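Report on one structure; see the data block that follows.
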Amino acid sequence: MAKIKILQKPCQKDAAKRPAVERVLANRKTPEILKEFAKGRYFYIRTYGCQGNVRDEEVMAGFLTEAGFTRTEDASLADVAIINTCAVRENAEDKIYGEIGNFKANKKKNPDFMLVLAGCVMGEDGIGEKLIETYPFISLVIGTHDVAKINDLLAEVIKERKSIINVHSFSSEIVENLPSVRLDNNQAFVNISYGCDKFCTYCIVPFTRGRERSRHLDDIVAECKKLVEEGYKQITLLGQNVNSYGLDLKDGTDFAKLLSAVAETGIPRLRFLTSYPSQFSDEMIDVMAKYENIDHWLHFPVQSGSSSCLRRMARRYTREEYLERANKIKEKMPDIALTTDIIVGFPGETEEEFLDTLSLAKEVGYSSCFTFIYSPRPGTPAANMEQVPPEVSHERFNRLKSLVDDLTAAHSDTMIGNIYEVLVEGPSKRDPNVLSGYARNGKLVNFNGPAYLTGCFVKVKVLESHVYSLRGEMVEDPLVEKARDVVFHMSHDRLLKEYSRLNGEILNDPEIKDMGERLALSKKELALSMGKEDHKEKKASYEELLNKIQNHPLLLNRDSLHEAVEAELLEIRDILK
Ligand code: SAH
Ligand code: SF4
Ligand code: F3S
């Protein structure tokens, strides 16, 4: 039997509590015992679920890296392994059991091995004890509200030699100053709020992530500005319901204001997930249409096209209200690509309700859809409603899937012959000569090109549609595109920016300009005085002027950066080679 120490166990009922929320700074001091343990050791993280979980992975990776661990992608080498779980549907949850079993070998090989279970599944009542009893080599069960405590909790496991459970079901904190090791150098996820207040009757998320809490606008904008300075090209703002962002702060902040402020940072591509249709205001549509760097791609989950089904789901809009918002968005941005989530087989769904969903999908003309068969989640109201027989759900799912394929194909066909800006993710897994990336409308585009274009914006002409991806060809010379990328990075580089700012100041300074003119004159006089009596005098006055210019504080300031700038440019030259 494993020894278990319970510091905090989850209570799904408590998740609905709304305590006063306080902004706090993360404790970044690693306990000595963990620092000692981490020397020469590796961590591994496997994440399931949504971008919220991906962001938690980045934060946990940040803490473990600060403790002194090195990351490994080879699970068998891990001294600390984290399985970051998702509870949104039953099949997502099932995946973790096989994954846990794989780590038995790590424990056998290395008695110090620690397996950590994190993520949304850990918020379910009693799950931690059950898991540790079956798999005694689980060292830590940590909740989504507790990721910032990972280092303290690992230190506690080492000290106590017991398995620890620490899962809070609600949080009274917004933690800032979090360390993070981002998974991508070009695109970044930025949390704007945590949790969800909507309590749709099918959904587990409010129970695993707690009530909605917004980060302060200044904290979010500062994080985005830093990403821009670091040369990131795309930011995705994250929240379970981005449109209600800021309302809990009660200081007049809202999503429209935040979206403008982030667009103003100059990030080349800005997008956000997930929108709640009835809270997508006219003002938000206007902001989206106004800024060129906000993508014309919107994930706009409808869940069902039937007002009666939406009511049972506790979605706070009708079919008509949804269509009104979608049409307004299309009117303001005719090139918008709308995507959606649809659940089939929701409790009590009739054939008529399902047909309403099909007709709505057709009417909106989605560019692509995520479709799910309803999965009962423990503790949610819909789990106790009258269930639709699985064979009915499957049959409807197949009918929906076939419509979705047609809609996706129709949208993809409209792209043929047009040129799109693609942010290159890298060579495709199947063929190293083929690059893959996303256009601004969220569609995947493949084309032949050199690997050095990874992370660059590239113009691609779409030639053919493969429905879920498109095939195209580059419009410009790859070297020209790469050179543009180098210019982009240089224009965002803090050192180069400062160097050119100082240079600009020198060029515009009237005193230096005047001295420059006098120096040119004096040089001429010096040349004319060659072999004449006043040559010595002219030489002295020329040198005095030259000395004065060279020692001007503005020039000295710029020249002090010279060496560092030169080193950086040489480094860029080497990369380009
Ligand atoms: N906050 C987001 C997404 C949350 S989960 C939103 O409101 O859209 C992502 C998607 O999973 C949901 O949009 C929904 O379509 C699906 N989903 C959530 N719970 C589900 C369940 N119990 N069964 C099937 N699909 C579900
Ligand atoms: Fe779940 Fe609804 Fe909240 Fe989305 S809005 S996370 S579906 S409760
Ligand atoms: Fe899954 Fe939790 Fe996200 S349940 S979808 S990982 S919020």
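Just so it is clear, the structure is predicted and the values come from calculations on it, not from any experiment.
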Does the ring center of Phe272 lie less than 6.0 Å from the ring center of Phe255? yes

Ignoring hydrogens and geometry beyond distance, is a side-chain donor-acceptor pair present between Asn84 and Arg46 at under 3.5 Å? no

Is there a side-chain contact between Glu57 and Ile82, using heavy atoms and a 4.5 Å cut-off? no

Any donor-acceptor N or O pair under 3.5 Å, side chains Tyr194, Gln240: no

Residues forming a side chain to side chain donor-acceptor pair (under 3.5 Å) with His299, sequence neighbours excluded: Thr339, Asp341

Does the cation-pi check pass for Arg209 over Phe207, that is, NZ or CZ under 6.0 Å from the six-membered ring centre and within 45° of its axis? no

Is it the case that Glu425 and Ser436 place a side-chain donor and acceptor less than 3.5 Å from each other? no

Could you tell me whether the side chain of Val242 reaches within less than 4.5 Å of the side chain of Thr274, counting heavy atoms only? no

Neighbour count above 12 (heavy atom, 6.0 Å) for Arg28 CZ: yes

Compare every heavy atom of Thr357 with every heavy atom of Ser306, then report the nearest pair and how far apart it is. N-OG1, 4.3 Å

Between Ser172 and Glu22: side-chain donor-acceptor atoms closer than 3.5 Å: no

Electrostatic pair Arg316-Glu321, nearest N-O below 4.0 angstrom: no

Taking 4.0 angstrom as the limit, do Glu73 and Arg71 come out as a salt bridge? yes

To check you understand the geometry: which heavy-atom pair defines the closest contact between Tyr374 and Ala383, and what is its length? OH-N, 3.4 Å

Which atom of Pro268 lies closest to which atom of Arg440, heavy atoms considered: O-NH2, 2.9 Å

Check whether any side-chain heavy atom of Glu421 lies under 4.5 Å from a side-chain heavy atom of Arg269, and answer yes or no. yes

Are the charged groups of Asp405 and Lys401 less than 4.0 angstrom apart, N to O? yes

Using side-chain heavy atoms (C-beta onward) and a distance below 4.5 Å, is Asn418 in contact with Val462? no

Please assess Val487 against Met490 for the test side-chain contact (heavy atoms from CB on, under 4.5 Å), listing each intermediate value before the final yes or no. CA-CA 5 Å; Val487 171; Met490 288 170 79; 5.7 Å; no

Shortest non-hydrogen pair, Ile267 vs Asn293, comes out as O-ND2, 2.9 Å

Side chains of Gln279 and Asn241: donor-acceptor distance under 3.5 Å anywhere? yes

What are the two closest heavy atoms between Gly128 and Ile165, and how far apart are they? C-CD1, 3.7 Å

Basic-acidic side-chain contact under 4.0 Å: Asp282, Lys328: yes

Below 4.5 Å, heavy atoms only, C-beta onward: do Leu249 and His216 meet side chain to side chain? yes

Is it possible for you to check whether Arg18 lies under 6.0 Å from the centre of the six-membered ring of Phe170, through NZ or CZ, and within 45° of that ring's axis? no

Show the nearest heavy-atom pair for residues Val167 and Gly123, with the distance to one decimal. CG1-CA, 4.1 Å

Do other residues, nucleotides or ligands put more than 12 heavy atoms under 6.0 Å from Lys9 NZ? no

When you check the side-chain N and O atoms of Glu353 and Ser304, is any donor under 3.5 Å from an acceptor? no

Tyr232-Asn185 side chain donor-acceptor pair, cut-off 3.5 Å: no

Close side-chain approach of Tyr276 and Lys198, heavy atoms under 4.5 Å: yes

Name the orientation class of the two ring planes belonging to His492 and Phe488 (parallel below 30°, tilted from 30 to 60°, perpendicular beyond 60°). tilted

Find out whether Arg55 and Arg182 are in side-chain contact, i.e. whether some heavy atom of one side chain is under 4.5 Å from a heavy atom of the other. yes

Does this structure show an ion pair linking Lys149 with Asp152, if we count only N-O contacts that are shorter than 4.0 Å? no

Does a side-chain heavy-atom distance below 4.5 Å link Tyr291 with Leu270? no

Are Lys443 and Tyr420 in a cation-pi setup, meaning NZ or CZ lies under 6.0 angstrom from the ring centre and within 45 degrees of the ring axis? no

